[in-house]
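Worksheet: one structure, shown below.
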Amino acid sequence: MSKIQEQIKNRILVLDGAMGTMLQRYKFEEEDFRGERFKDFPHPLKGNNDLLSITQPEAVKSVHRAYFEAGADIVETNTFSGTTIGMADYYLEDLVYELNFQSAKIAREVADEFTDKPRFVAGSIGPTNRTASMSPDVNDPGFRAVNFDDLKIAYKQQVEALIDGGCDLLLVETIFDTLNAKAALFAIEEVKEERNIDIPVMVSGTITDASGRTLSGQTVEAFLISISHIPLLSVGFNCALGADQLKPYLKTLGNNTSLNISAHPNAGLPNAFGQYDQTPEEMQQLIREYLQENLVNIIGGCCGTTPEHIKLIAEVAKEFKPRESVLV
């Protein structure tokens with residue numbers, strides 16, 4: 001049994017908040033993303049947050065540190081787009097292993113600075129910017145911009161680098177297409193078998209709107225069934241919705257699984273300018289309701305959340321016991 005599996009039995013674990021929200025505060029420009037190493041790179045690099053683990057490592061470290069100081073038990077690596085598929089937009093496919101390894105190494109170094117309680121590094125594995133279940137062309141429903149094998153190969157490279165860099169667990173997150181996620185999980189299982197290791201895996205889907213479905217059309221129950229063949233540390237939801245909108249779907253999830261449940265919702269819904277206005281105090285009150293109703297084992301924040309949000313979430317999490325499954 002891993003250390004995190006021991007910890008999750010005894011207390012609610014706190015996940016960090018948004019990496020992107022914090023990096024935006026630096027107001028990095030093109031030259032900051034490039035650094036010295038990519039000074040003469042022929043393509044624009046602004047917006048490639050994953051690259052900052054190489055060109056602005058101290059900024060990434062400071063974000064991890066701020067979340068740990070706020071009380072987070074788990075921080076996510078700065079690798080949300082860290083596949084050859086995601087990096088193709090920036091012509092940086094050849095950099096993928098280094099990006100993931102460096103991001104994991106940075107997070108590991110910061111985690112090891114904190115000795116008051118166990119701290120964990122989760123390798124963040126995003127959904128990519130393509131979908132294997134649907135056509136991007138309305139005039140050609142059978143067309144696919146990516147297939148399962150492409151995704152599996154890309155995810156496998158990312159997984160190997162995250163493990164090599166020192167991750168304690170892997171987080172397949174913000175899943176809008178479960179077929180993409182299944183390719184990631186297949187890649188993880190392949191690496192585990194090849195290396196004869198057992199690394200805990202979290203899976204977190206995304207309910208995109210009030211329909212209660214993922215972007216590829218799955219209900220909560222269908223999503224759960226689709227990934228239930230893999231041994232998981234937890235299953236849950238993140239992104240797209242605020243804590244209050246996400247709550248009914250967490251309840252449905254809890255009624256259908258004995259797995260640990262995670263949630264890292266947004267700080268409410270975005271305003272007309274795409275900003276998140278929900279205060280740490282407002283979010284804390286909503287999360288308190290989660291805990292009173294025994295909904296989660298792991299709680300954190302997604303878009304718009306900051307160390308201030310996580311600090312108040314961590315404070316309220318101490319008051320409650322982790323979710324116990326009601327399934328017989």
Side-chain angles (χ1 to χ4, degrees), residues 7-8 10-27 59 62-76 78 80 110 114 116-117 119-120 122 124 171 173-174 202 204 206-210 234 236-254 260-323:
Q7 292 292 315
I8 205 168
N10 303 318
R11 59 193 178 95
I12 295 169
L13 298 181
V14 177
L15 190 67
D16 63 1
M19 172 63 74
T21 298
M22 295 300 290
L23 290 175
Q24 283 168 16
R25 293 182 173 186
Y26 285 89
K27 295 183 165 54
S62 72
V63 174
H64 290 319
R65 196 173 288 118
Y67 281 123
F68 276 136
E69 287 170 348
D73 299 291
I74 309 165
V75 298
E76 301 170 56
N78 181 36
F80 186 79
V110 178
F114 293 82
D116 56 331
K117 61 178 180 177
R119 308 285 186 143
F120 302 100
S124 172
L171 169 56
E173 64 168 318
T174 322
M202 294 173 63
S204 185
T206 296
I207 300 296
T208 49
D209 56 34
S234 67
F237 292 116
N238 74 290
C239 205
L241 303 176
D244 46 350
Q245 294 91 4
L246 192 60
K247 187 176 172 185
Y249 309 120
L250 290 172
K251 283 185 174 180
T252 301
L253 196 60
N260 297 310
I261 289 180
S262 73
H264 49 297
N266 292 346
L269 296 174
N271 61 26
F273 301 100
Q275 304 297 312
Y276 294 85
D277 300 323
Q278 191 170 79
T279 67
E281 292 75 17
E282 289 168 342
M283 191 168 184
Q284 182 192 47
Q285 187 52 43
L286 293 169
I287 297 302
R288 181 183 290 277
E289 294 175 15
Y290 280 24
L291 307 181
Q292 287 171 337
E293 296 182 39
N294 191 37
L295 294 182
V296 294
N297 305 88
I298 301 172
I299 187 69
C302 202
C303 302
T305 57
T306 65
E308 290 76 24
H309 290 83
I310 298 305
K311 184 174 187 289
L312 295 191
I313 288 171
E315 285 176 7
V316 76
K318 289 178 184 173
E319 300 174 21
F320 294 89
K321 289 189 163 71
R323 170 188 178 270

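Since this is a predicted model, take the numbers as computed values, not measurements.
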If you measure from [atom1] on [X] to [atom2] on [Y], what distance do you get to the nearest 0.5 Å?
| X | Y | atom1 | atom2 | answer |
| --- | --- | --- | --- | --- |
| Q245 | I207 | CD | CD1 | 13.0 Å |
| T279 | E308 | OG1 | CD | 11.5 Å |
| I8 | M202 | CD1 | CE | 7.0 Å |
| D16 | T306 | CG | OG1 | 11.5 Å |
| F237 | L253 | CZ | CG | 5.0 Å |
| H64 | R119 | NE2 | CZ | 13.5 Å |

Which atom of [X] lies closest to which atom of [Y], heavy atoms considered:
| X | Y | value |
| --- | --- | --- |
| I12 | P322 | CG1-CA, 3.5 Å |
| Y290 | A243 | OH-O, 2.5 Å |
| A263 | L250 | CB-CD1, 3.6 Å |
| A70 | P307 | CB-O, 3.4 Å |
| A240 | T206 | CB-CG2, 3.5 Å |
| I298 | S234 | CD1-OG, 3.9 Å |

request  = Applying side chain to side chain contact (heavy atoms under 4.5 Å, CB included), run through K247 and K251 and close with a yes or a no.
outcome  = CA-CA 6 Å; K247 187 176 172 185; K251 283 185 174 180; 4.1 Å; yes
message = Name the residue from T305, I310, L312, V316 that meets the side chain to side chain contact (heavy atoms under 4.5 Å, CB included) definition with M283.
response =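 Running side chain to side chain contact (heavy atoms under 4.5 Å, CB included) over T305, I310, L312, V316 with M283 returns exactly one hit, T305.
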For residues [X] and [Y], determine if any side-chain heavy atom of one lies less than 4.5 Å from a side-chain heavy atom of the other.
| X | Y | result |
| --- | --- | --- |
| L15 | I299 | no |
| C239 | N266 | yes |
| P265 | C302 | no |
| Q278 | L286 | yes |
| E293 | R288 | no |
| S124 | M19 | no |
| L295 | I261 | no |
| R323 | V296 | no |

message = What verdict does the ring pair (Phe, Tyr, Trp, His ring centres under 6.0 Å) test give for F68 and F114, after you've listed the backbone C-alpha separation in whole Å, the side-chain angles of each residue and the deciding distance to 0.1 Å?
response = CA-CA 8 Å; F68 276 136; F114 293 82; 5.3 Å; yes
ask   = Does atom NZ of K311 have more than 12 heavy-atom neighbours from other groups under 6.0 Å away?
value =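 Open.
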ask   = Within a radius of less than 6.0 Å around NZ of K27, do more than 12 heavy atoms belonging to other residues, nucleotides or ligands occur?
value =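 Not buried by this count: 12 neighbours or fewer within 6.0 Å.
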ask   = Under 3.5 Å, is there a donor-acceptor pair between the Q7 and R11 side chains?
value =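 There is such a pair (donor and acceptor under 3.5 Å, judged by atom type) between the side chains of Q7 and R11.
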Worked verdict on N297 versus S262 for side chain to side chain contact (heavy atoms under 4.5 Å, CB included) = CA-CA 6 Å; N297 305 88; S262 73; over 6 Å; no
ask   = With no hydrogens and no angle check, is any side-chain donor or acceptor of Y67 less than 3.5 Å from a backbone partner on A18?
value =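 It does hold such a pair.
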request  = Mind running side chain to side chain contact (heavy atoms under 4.5 Å, CB included) on Q284 and H309 for me, showing each step along the way?
outcome  = CA-CA 7 Å; Q284 182 192 47; H309 290 83; over 6 Å; no
inquiry  = Could you go through L241 and Y249, starting from their C-alpha distance and side-chain angles, then the distance that decides it, and tell me whether this counts as side chain to side chain contact (heavy atoms under 4.5 Å, CB included)?
reply    = CA-CA 11 Å; L241 303 176; Y249 309 120; 3.8 Å; yes
